[in-house]
Amino acid sequence: MIITAPTVALAVRRLLTAAGQAPSVLNTQPWRFRVRDEVVELLADWDRWLPVSDPRGRSLHVSCGAALYNLRIAARASGRRPVVRLLPDAPEASEVLARVDLSACEPATAEARRLYGMIPRRRTNRAPFDARLVPPGVLADLRTAAAVERARLLLPNRRGADDLLDYAAIAEEQLAADRAYLDELASWSLPGYVEGPRAIGEIDPVRDFGHRIGEARFEPRPQLAVLTTAGDEPLDWLRAGQALERVLLVATAHGVSASFLNQPLDLRDMRRHADPRHRRGHPQMIIRLGYGPSVPRAPRRPVSEILA
Ligand SMILES: Cc1cc2nc3c(=O)[nH]c(=O)nc-3n(C[C@H](O)[C@H](O)[C@H](O)COP(=O)(O)O)c2cc1C
């Protein structure tokens, strides 16, 4: 009877399918996985790195951290207790970003099953959001989700949000004049059907990747949030990615959509601007939250392609 081998393969496939659904910068999916017995290694796929807009590899690590969170939650939902070591090897051997030992068992919690169920429903939503405000209780849940993963979710006040929108617009203008950036963007372009419409009027809280379809008016006062970490090194970026995905899955469970405005952060990385340690940490993601229509999924690579 050939039962065990295919069953094990199926269990791993479930984990990797979940990991591969994570958000990633420009949908580059810059990850690979090496499976040995009950250990899964998360590897950076440097062939899918964006050297122009992500010279430090920060966004690559954040993306891989998000994939790691999905792997962890899929393992928890299937009755495993993943033991994770981030950057387990010497810094020179930076290919292995995390080693996950799945040999320990622990009954799945309702919370793990609920968040696991949100993985296929989460998506970046670049459509206009409706007028409903995200309730304080939901925002508090999102802040907790970030804190559990050792990051912070800051919620700027109205003035802070207006400033962020201005920074995003200025950064976008500067990026639009950068030939190397535009070339890189063109080689990883997102499909137009996930890019949402162009904005009518002044308020444009969605990053323009160059293929927006149609026009619409966006919500006048977007609810923004900034995910920060204490440090600004690969370990912090992996934590930011895990925190990001946890925040997004909790948001999805509350029916809240998200998109991102990371232009100012990309520009900071590209210009190698020093980012003096702010009292409240280093910004890793600028997030817009709200209630949007359902939107199509961005494509993913099959599991066979992400297995090392
Ligand atoms: C580190 C990182 C940075 C991102 N930056 C942006 C951004 O600035 N603007 C945006 O609209 N989406 C951004 N995204 C979202 C990705 O484009 C998105 O996750 C990817 O296209 C896959 O689509 P999905 O999230 O719907 O699954 C970012 C995602 C990550 C992980």
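Ligands are counted one by one from 1 in listed order, and the atoms in each one are counted from 1 as well. Sequential numbering from 1 along the given sequence is applied to the chain's residues.
- Here Ser257 pairs with Asn125, Phe129 under the side chain to side chain contact (heavy atoms under 4.5 Å, CB included) rule; sequence neighbours left out.
- Counting heavy atoms of neighbouring residues, nucleotides and ligands inside a 6.0 Å radius, atom CZ of Arg212 exceeds 12 of them.
- Here Ser259 pairs with Arg288 under the side-chain hydrogen bond (donor to acceptor under 3.5 Å, both in side chains) rule; sequence neighbours left out.
- At a 4.0 Å heavy-atom cut-off, the residues surrounding ligand 1 are Pro23, Ser24, Val25, Leu26, Asn27, Ser59, Val62, Ser63, Arg122, Arg123, Thr124, Arg126, Leu190, Arg207, Phe209, Phe260, Asn262, Met285, Ala298, Arg300, listed by chain and number.
- Listed for the Asp232 side chain is no donor-acceptor partner under 3.5 Å among the backbone atoms of His282.
- Both tests do not hold together for Arg246 against Tyr69: distance to the six-membered ring centre under 6.0 Å, angle to the ring axis within 45°.
- Counting only residues at least two apart or in different chains, salt bridge (Lys or Arg N to Asp or Glu O under 4.0 Å) contacts with residues 60-80 comprise Glu38-Arg80, Arg72-Glu149, Arg76-Glu106.
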